Asks: 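Here you go, one structure.
Note that these values count all heavy atoms, side chains included, but never hydrogens, waters or copies made by symmetry. It should be emphasised that the depicted structure is a prediction, and the values quoted were computed from it without experimental measurement. Throughout, protein chains are lettered first and strands after them, A, B, ... in sequence-line order, and every chain is numbered starting at 1.
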Amino acid sequence: MTRAHLAQLARDALRYPGRLALAMVLAWGVCVTVWRFHSGLGAVTHLSDGMPWGLWIGFDVLCGVALAAGGFSVMALVHLFGLTRLRPIVPATVLTAFLGYILVSVGLLYDLGKPYNMWHVFIMHNPRSVMFEVAWCVILYTTVLAIEFSGLVVERLHWRRAVAFLGRLTVPAVLAGVLLSTLHQSSLGTLFLIVPGKLYKLWYSPYLPLMFFFSALAVGFAMVIFESYLSAFVFGRSLEREILVDLARILLVTVVFYLGIKLEDLYARDAIGALFEARPETYCFWLELALLAVPAALLAFERVRWSQDATFLCATMVVLGVVINRLNVSLVGTYAASGSAYWPSFQELSVSVFLVTAGVLAFGLAVRFLGIFDAHAESAVPAEHDACRECV
Amino acid sequence: MIETTPAATGATVEPVGLLIDATRCIGCQECVRACKAEHGLPEPIGPDLNSTTYTVVVKRAGQYSRRLCMHCIDPTCVSVCPVAALRKQPGGQVTYDADACMGCRYCVFACPFNVPRYEWDKPRPVVAKSDLCVSRTSRGHQTACSWVCPMGATVSGPRSRMLAEARERIRLNPERYVDHVYGETEAGGTSVLILSGVPFDTAGYPRDVSQRPLPETTWRVLEKLPYVVLNGGIFLGGLAWIIHRRMVFQRHPELLDDLPPKGEKP
């Protein structure tokens, strides 16, 4: 490389600061990756025996799985409940879910002490372990998503026989996906039932599995709105307004339902008093509640639901609310009992940012090359329709 | 529930127990050194349990408190391990297989006694905790720590005998002991039993430990999952079938003519 090349590169970098930042995030992510696998978890994380789970479990895994939940709920609405109106959002949600689960799996590789032993879940069984059940569900559901995603790909390539074949698989695959998601979305909450003495009373509840499930349901819909709005900015492509209004309505119902169980649970466990104790946990819990209650209150107005900006704002709040909830359960709620200090290290944050960046890049590429937000409903209908005729 | 207790596995060996009497301990650290020698661990003794120290003796509230894995009767760590690297042996010992472990650290997170330690500084880390000298106790010998204890502060033998002995000591010397055998009911009962002259929380033992086995908390949910799949599958599948059928008729009313008319038998 000559000096002229370098000068050109420097000029380009200055002209596109966004790309420069992106390249730096990715390059630094690669460095931390090498560092982590070469020197071990202790070298790059602030984890300790008191806080053995940190940001990578709390954010990369718990939030990753929750934010990808639209994959099963939207598919269920469209393919099981016949809400064909929502068909145009199927590609975006399937893509989000598939990328999400891939990122969760990659994130797990960073977090596991011996990731090269991951395959042991196939041959070493412990049906009493929630983690074992989650591992199997995530593996199987990622397979289901791969089938659903390949359906998108073959549609774009116009491989008619593959489209027909995958079209037949759709309903059973969606059904399996809904069941597997119900299991592992809730089981991520069940994981924390084993620590009644460690998880703070605002979050420890026998209904944790239900709360994880219903919050995942809500945030799945919020993510579709969130992505569609941002895609309109970045790629100039978005969903139809009517669909977004429908989604806003569904989001409102699911958020209110989730909030309802959360408050009922506090009342049933006689923990309402804990809402007013001056402790850091209390503030974190209120933040979580506010990020659900405010969008729910706003979305109750028809004007808000018809305003794209306001709906986006509400969806963003719900996404943040569920993210804060997962971090509260996994980090804030167990912090006091752990007796250790924990704040994610710069390297831990770098890996999370690296993975999210990679995910956003992959999403962008897919939107560009697979036409994720394009109207395309026609091509899928015939295969689907034939399958329906048979089941009459 | 899947039983791993010796009674259920049909073992004839009486599960082993360890009785630690903190009021007898003089803090000589012989048990800690013997433990390290037995397991081939490097010498420096940490102030707390760590990846090369399976047991510690620390002075708390004027008394020497010894800490190690409690070897629960229904161990939380065994129930949470996704690859069954942690196992409850017929003799009561809770053992760990480093080759099976994939490093999820759920055991470290879940242990109600905060015992398992992790090798954070290693690229191929393992979990570290006492194995109750399984190679010795499975052949009927004492643990290394009880073998060397000059004061009889740690003794090993069948758990039932250790428990009877603990109760007897409290009965004979009620003013010397707190009237509680730590480990009799903690986490549903543990193989290691502890007597103390000062309250157990000031002696450094976790308080507020559930009196029921913790694996029950997750099993209560897990045992329902097969029904969720079965009933959920039938319900959703059936619903989808009905909805799709109606949608097809809506789009193609002519198909309705092929059906047998209402009120008539085919």
Side-chain angles (χ1 to χ4, degrees), chain A residues 37-43 45 47-50 52-53 76 79-82 84 111-118 120-121 124-135 171 174-175 178-179 182-183 186-187 190-191 193-198 206 209 334 338-339 385 387-389 391-392, chain B residues 1-2 49-50 76 78-85 99-106 108-110 112 114 116-127 206 208-210 214-215 217-222 225 228-229 232-233 236-237 239-241 243-249 251-252 255:
Chain A
F37 287 105
H38 177 265
S39 312
L41 284 165
T45 70
L47 297 173
S48 63
D49 292 318
W53 286 356
H79 290 287
L80 300 183
F81 299 141
T84 42
D111 187 74
L112 288 178
K114 293 180 172 192
Y116 47 87
N117 279 351
M118 215 175 179
H120 282 181
V121 289
M124 300 169 180
H125 295 176
N126 181 11
R128 275 176 100 196
S129 167
V130 186
M131 190 75 85
F132 174 74
E133 189 253 319
V134 170
V171 171
V174 169
L175 187 58
V178 172
L179 295 173
T182 308
L183 294 198
S186 60
S187 291
T190 315
L191 278 182
L193 289 183
I194 203 83
V195 288
K198 294 184 188 177
T334 54
S338 77
H385 171 65
C388 289
R389 264 181 185 235
C391 65
V392 170
Chain B
M1 185 180 296
I2 294 156
L49 299 175
N50 61 38
T76 311
V78 171
S79 89
V80 300
C81 182
V83 291
D99 292 330
C101 175
M102 60 182 193
C104 71
R105 314 184 299 285
Y106 196 12
V108 182
F109 180 71
N114 303 318
R117 293 296 188 262
Y118 205 60
E119 287 185 319
W120 295 102
D121 48 350
K122 298 252 175 80
R124 296 162 66 95
V126 301
V127 172
D208 299 335
V209 176
S210 164
L214 288 157
T217 57
T218 46
W219 185 249
R220 222 175 278 150
V221 178
L222 284 178
L225 296 188
V228 171
V229 173
L236 285 176
L239 204 62
W241 177 57
I243 292 172
H244 277 247
R245 193 170 174 275
R246 296 190 141 215
M247 284 165 66
V248 171
F249 283 139
R251 248 181 285 151
H252 304 277
L255 285 174

Asks: Please name the pair of heavy atoms, one in A:L41 and one in B:R105, separated by the smallest distance, quoted to 0.1 Å.
Replies: CD1-NH1, 3.5 Å

Asks: So does B:Y118 get a backbone contact from the side chain of A:D49, meaning a donor-acceptor N/O pair under 3.5 Å?
Replies: yes

Asks: Please look at B:S79 and chain A and tell me whether the side chain, the backbone, both or neither of the residue comes under 4.5 angstrom of a heavy atom of that chain.
Replies: both

Asks: Atom OG1 of B:T218 and atom CG of A:L193: how far apart are they, to the nearest 0.5 Å?
Replies: 7.0 Å

Asks: With a 4.5 angstrom heavy-atom cut-off, which part of B:V209 approaches chain A: side chain, backbone, both or neither?
Replies: neither

Asks: How long is the straight-line distance from SG of B:C104 back to NZ of A:K114, given to the nearest 0.5 Å?
Replies: 12.0 Å

Asks: Please check if the side chain of B:K122 supplies one atom and the backbone of A:S39 the other of a donor-acceptor pair under 3.5 Å.
Replies: no

Asks: Main chain of B:A100, side chain of A:H120: is a donor-acceptor contact present, judged purely on distance under 3.5 Å?
Replies: yes

Asks: Is a side-chain N or O of B:H244 found less than 3.5 angstrom from the main chain of A:F81, in a donor-acceptor match?
Replies: no

Asks: Please check: side-chain N/O of A:N126 versus main-chain N/O of B:V83, any donor-acceptor pairing under 3.5 Å?
Replies: no

Asks: Which region of A:V178, side chain (C-beta onward) or backbone (N, CA, C, O), has a non-hydrogen atom less than 4.5 Å from a non-hydrogen atom of chain B, or is it both or neither?
Replies: side chain

Asks: Quick one: does B:Y106's side chain have a donor or acceptor within less than 3.5 Å of a partner on A:S129's backbone?
Replies: no

Asks: Looking at A:P52, A:G40, A:P196, A:G82, which one has more heavy-atom pairs under 4.5 Å with chain B than the rest?
Replies: A:P52

Asks: Side chain, backbone, both or neither: which part of B:L222 has a non-hydrogen atom closer than 4.5 Å to chain A?
Replies: side chain

Asks: Would you mind checking which part of B:N50 comes under 4.5 Å of any heavy atom in chain A, side chain (CB onward), backbone (N, CA, C, O), both or neither?
Replies: neither

